Amino acid sequence: MKKLASLLFLSIYFISAKADDFSHLGSTLNYSDSLKSAKKITSIDKALKDPSKVINLELFIDQTGANYKKFCNNISKFSNLRKLYIVDYYALELELPEGLWELKKLEYLSLDNFKNKKVDGISKLTELKYLNLDEFNFASIPEEIFQLKNLVVLDLSMNLLKELPLSISSLTNLRELELTNNCFTEIPTNITILPKLEYLTINNADFSGFLKPDMNTCENTIARFPDVLAQMSNMKHVACFYGVKCDKAMKKQIHEKYANITFDK
């Protein structure tokens, strides 16, 4: 049964990870023309034939980590990279590549399942608009992230966050915040200092505990009515009911009070 569950997780994970992102904004972000028109490269060997021309690179790290090692050894050659999507698919617990923060043209960076890794130097990526640091086991958001003034989408799913610091106010262009499976006991009040926030996800993934029993995850809850949403004039969609403990009476009250906001079921 355990083996079957593990296989099922890998299947679900692979299918979902094939998508470019999980955001509401997705491809509608105002990326550069070169990124919008760039062909996605998924083979490191193909990418290394002319790395300076690679704009969009997606790597699902193989079982041995060989394709990732090739990328790390040649990272400085990818000088024009705008989009980088890497998934540590087999949870090999690999180090982040040296030179990652020198890819200063990056507009989109998604690093999935790199547990307990520091991101010192990430503030150098000043062009970033989309950042996903899924499953890094962060108990607090690294302060350098708050220097990324152009961020529009920030995904910190599957971490160990309990609060949003006041420093998040520096992300003045942030329109979407993804906090699936963290440790919040309410919708964080500091979202009110994000003036452009339109989309907030604070759900729980239904498979996280069952299919990944070794994963150090929390679950979000809604312990009291989220009056904070009344201050969010730009909010369009809040995902806070999926897998989250919230009684029917509170759900009904939330729907009634915030008729201008779309909620998940």
Side-chain angles (χ1 to χ4, degrees), residues 6-7 9-23 26-27 29 31-32 34-122 124-125 127-138 145 148 151 153-159 178 180 205 212 215:
S6 298
L7 289 172
F9 167 72
L10 287 176
S11 175
I12 292 172
Y13 189 85
F14 184 73
I15 291 169
S16 62
K18 290 295 286 183
D20 281 343
D21 60 66
F22 305 101
S23 72
S27 60
L29 288 182
Y31 294 120
S32 64
S34 58
L35 176 52
K36 289 177 183 177
S37 61
K39 181 180 179 181
K40 179 169 62 181
I41 306 296
T42 59
S43 165
I44 189 60
D45 291 326
K46 184 176 181 180
L48 286 171
K49 289 180 179 179
D50 199 349
S52 66
K53 291 185 178 179
V54 176
I55 304 297
N56 182 353
L57 181 62
E58 182 176 288
L59 286 181
F60 287 83
I61 299 175
D62 60 34
Q63 199 162 4
T64 65
N67 62 339
Y68 181 69
K69 185 176 180 180
K70 285 183 181 180
F71 171 69
C72 293
N73 289 341
N74 294 278
I75 191 170
S76 62
K77 298 177 182 178
F78 292 92
S79 55
N80 290 306
L81 205 59
R82 263 72 167 180
K83 181 173 182 177
L84 179 60
Y85 185 97
I86 304 179
V87 181
D88 187 0
Y89 183 62
Y90 292 96
L92 301 178
E93 299 188 9
L94 301 166
E95 294 299 318
L96 294 177
E98 291 185 22
L100 176 60
W101 314 129
E102 300 306 318
L103 300 175
K104 296 181 181 180
K105 294 182 180 180
L106 281 179
E107 300 174 54
Y108 180 116
L109 177 62
S110 180
L111 301 172
D112 200 334
N113 206 19
F114 285 84
K115 295 181 177 64
N116 300 312
K117 298 296 183 289
K118 294 182 178 180
V119 292
D120 299 348
I122 197 171
K124 294 180 180 180
L125 304 181
E127 299 301 311
L128 274 186
K129 296 176 180 177
Y130 183 107
L131 177 62
N132 173 21
L133 298 175
D134 194 323
E135 284 190 71
F136 269 66
N137 285 353
F138 289 142
I145 290 176
L148 301 172
L151 267 191
V153 177
L154 177 59
D155 188 339
L156 295 169
S157 299
M158 306 289 181
N159 281 288
E178 166 73 69
T180 294
K212 298 183 73 179
M215 192 168 78

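Just so it is clear, the values below take in all heavy atoms, side chains as well, and ignore hydrogens, waters and symmetry mates. Just so we're clear, the structure is a prediction, and the values are computed from it rather than from any experiment. Positions are given from 1 along the sequence.
In this structure, the side chain of Asn67 does not engage the main chain of Ile44 through any donor-acceptor pair within 3.5 Å. No donor-acceptor pair closer than 3.5 Å links the side chain of Asn113 to the backbone N or O of Glu135. Side chain of Asn159 to backbone of Asn137: a donor-acceptor contact under 3.5 angstrom is found.
Taking all atoms of both residues into account, the shortest heavy-atom contact from Leu92 to Asp88 is N-OD1, 2.9 Å. Contact record, Leu125 with Leu103: CD2-O, 3.3 Å, taken as the closest heavy-atom pair. Scanning all heavy atoms of the two residues, the minimum distance from Leu81 to Asn56 falls at CD1-N, 4.1 Å. The two atoms that bring Ile75 and Glu98 nearest to each other are CG2-O, 3.2 Å, heavy atoms only. Closest of all the heavy-atom pairs between Ile61 and Tyr90 is O-CD1, 3.5 Å. In this structure, Lys117 and Lys115 approach most closely via the heavy-atom pair NZ-O, 2.9 Å.
Here CG of Asp112 is found 8.5 Å from CZ of Phe114. Values are rounded to the nearest 0.5 Å. With rounding to the nearest 0.5 angstrom, the CZ atom of Arg82 is 5.0 Å from the OG atom of Ser32. One finds the OG atom of Ser43 at 9.0 Å from the CG atom of Leu59 (value rounded to the nearest 0.5 Å). Ser37 contributes atom OG, which lies 8.0 Å from atom CD1 of Ile55 (distance to the nearest 0.5 angstrom). Note that CG of Leu35 and NZ of Lys129 are 8.5 Å apart. Values are rounded to the nearest 0.5 Å. Atoms CG and NZ, from Leu29 and Lys36 in turn, are 9.5 Å apart once rounded to the nearest 0.5 Å.
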With side chain to side chain donor-acceptor pair (under 3.5 Å) as the criterion, how do Asp155 and Ser157 come out once you've worked through the C-alpha distance, each side chain's angles and the decisive distance to 0.1 Å?
CA-CA 6 Å; Asp155 188 339; Ser157 299; 2.6 Å; yes

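Under a cut-off of 6.0 angstrom, the local environment of NZ in Lys118 is sparse, with at most 12 non-hydrogen atoms contributed by other residues, nucleotides or ligands. Other residues, nucleotides and ligands place no more than 12 heavy atoms under 6.0 Å from the NZ atom of Lys69.
Within the 4.5 Å cutoff, the side chain of Val87 has no heavy atoms near those of the Asp134 side chain. Between Trp101 and Val119 the shortest side-chain heavy-atom distance falls below 4.5 Å. Side-chain atoms of Lys105 and Asn80, non-hydrogen and from C-beta on, do get closer than 4.5 Å to each other. In this structure, the side chains of Leu148 and Leu154 stay at 4.5 Å or more apart for every pair of heavy atoms.
A distance below 6.0 Å separates the ring centres of Phe71 and Phe78.
Judged by the 6.0 Å distance and 45° axis criteria, Lys83 is positioned over the aromatic ring of Tyr108.
Note on Lys124 versus Glu102: salt bridge recorded, some NZ/NE/NH1/NH2 to OD/OE distance being below 4.0 Å. Ion pairing between Lys70 and Asp45 holds under the 4.0 Å rule for side-chain N and carboxylate O.
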